[in-house]
Amino acid sequence: GQNIDQPTEMTATEGAIVQINCTYQTSGFNGLFWYQQHAGEAPTFLSYNVLDGLEEKGRFSSFLSRSKGYSYLLLKELQMKDSASYLCAVGGNQGGKLIFGQGTELSVKP
Amino acid sequence: DTEVTQTPKHLVMGMTNKKSLKCEQHMGHRAMYWYKQKAKKPPELMFVYSYEKLSINESVPSRFSPECPNSSLLNLHLHALQPEDSALYLCASSHGMGRGSQPQHFGDGTRLSIL
């Protein structure tokens, strides 16, 4: 079957660092994606990993280990506006189809 | 602001009405997608078009009818919807469907309410 697991909720403090983990078991692998979604808004693309290792983009980094079926999204210097749902998604065998996790609701507190 | 434009932003319709959702992108992407999203749930794929041809239909009821008039436009025609169809409908596009041709970029969505 296809399964993507990520924590339902996380809380962190402004200025801190938070790591959101994602594990996956899918038929085929065509990349792992992280999206940010604020309440009532559309998902915004954050990062894409297709090879093992770390991809860094400003305050956001994403890591992938294909052998372990594992990824994480690292957010540094947290800001209040980072409070949102973070969606992990995997491109599987069926071209174009993304398999989404349930999302991690991140709350950033002052 | 996103590069995928969806209209209308909000739509309220009765169960007997016929309406259409529209999506437009000018990024030269050749794959376009319709998703449905309920509150606090991830997006659920409905349809995928690749090079203006329907590539994936995720067993969506026939009261939803997609159309891709050209490579920049994607429509979703709605007819005889049910109250449980109330949701946020998202359009997305990507360069293609194969490895390395993602990611998908989403429009702001149409919030649909069925009375």
Side-chain angles (χ1 to χ4, degrees), chain A residues 2-9 20 22 24 26-51 55 57 60 62 64 66 71 73 83-107, chain B residues 1-6 9-10 23 25 27 29-51 53-60 68 74 87-112:
Chain A
Q2 319 249 58
N3 194 46
I4 298 183
D5 282 320
Q6 51 180 131
T8 306
E9 295 176 328
I20 303 174
C22 171
Y24 64 90
T26 57
S27 312
F29 180 82
N30 275 320
L32 188 139
F33 305 82
W34 284 97
Y35 286 87
Q36 178 192 61
Q37 188 172 25
H38 288 99
E41 298 182 12
T44 303
F45 168 71
L46 289 178
S47 70
Y48 169 51
N49 295 70
V50 67
L51 298 176
E55 293 282 340
K57 238 191 218 185
F60 295 80
S62 58
L64 174 67
R66 287 171 297 168
S71 173
L73 179 69
S83 293
S85 180
Y86 290 84
L87 295 160
C88 173
V90 174
N93 264 345
Q94 202 174 3
K97 182 170 179 176
L98 287 181
I99 304 150
F100 281 90
Q102 292 298 305
T104 298
E105 193 69 38
L106 175 66
S107 297
Chain B
D1 286 346
T2 66
E3 295 178 81
V4 178
T5 305
Q6 290 187 243
K9 293 199 182 307
H10 301 275
C23 175
Q25 58 88 14
M27 295 181 281
H29 288 174
R30 304 315 298 261
M32 295 185 77
Y33 310 78
W34 279 116
Y35 287 87
K36 172 183 177 180
Q37 187 176 26
K38 293 282 216 179
K40 298 197 182 298
K41 295 288 187 184
E44 289 175 50
L45 183 66
M46 299 174 74
F47 303 103
V48 182
Y49 274 82
S50 177
Y51 289 85
K53 288 189 174 10
L54 184 64
S55 176
I56 297 175
N57 175 345
E58 289 285 283
S59 303
V60 179
C68 189
L74 187 66
L88 180 67
Y89 287 83
L90 293 162
C91 175
S93 70
S94 65
H95 283 291
M97 291 170 53
R99 188 183 187 99
S101 54
Q102 303 273 7
Q104 297 177 24
H105 294 273
F106 287 84
D108 287 336
T110 294
R111 189 157 298 282
L112 177 65

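No hydrogens, no waters, no symmetry mates; every other heavy atom, side chains included, goes into these values. Just so it is clear, the model here is predicted, and its values are computed rather than measured.
- In terms of heavy-atom proximity, A:Ala42 sits nearest to B:Asp108 at CB-CA, 3.7 Å.
- Aromatic pair A:Phe45/B:Phe106: ring centres not closer than 6.0 Å.
- In this structure, B:Lys41 NZ and A:Phe100 CZ are separated by 14.5 Å, a value rounded to the nearest 0.5 Å.
- No other option in A:Pro43, A:Gly40, A:Gly103 has as many heavy-atom pairs under 4.5 Å with chain B as A:Pro43.
- Taking a 6.0 Å sphere around NZ of B:Lys9, one finds it holds 12 or fewer heavy atoms contributed by other residues, nucleotides or ligands.
- When heavy atoms are compared at a cutoff of 4.5 Å, B:Gln6 does not approach chain A at all.
- No other option in A:Glu41, A:Lys97, A:Glu105 has as many heavy-atom pairs under 4.5 Å with chain B as A:Lys97.
- Both the backbone and the side chain of B:Gln104 have a heavy atom closer than 4.5 Å to some heavy atom of chain A.
- Residues A:Leu87 and B:Pro43 form a side-chain contact, since some pair of their non-hydrogen atoms from C-beta on lies under 4.5 Å apart.
- Looking at heavy atoms from C-beta onward, A:Gln102 lies out of side-chain contact with B:Lys40 at the 4.5 angstrom threshold.
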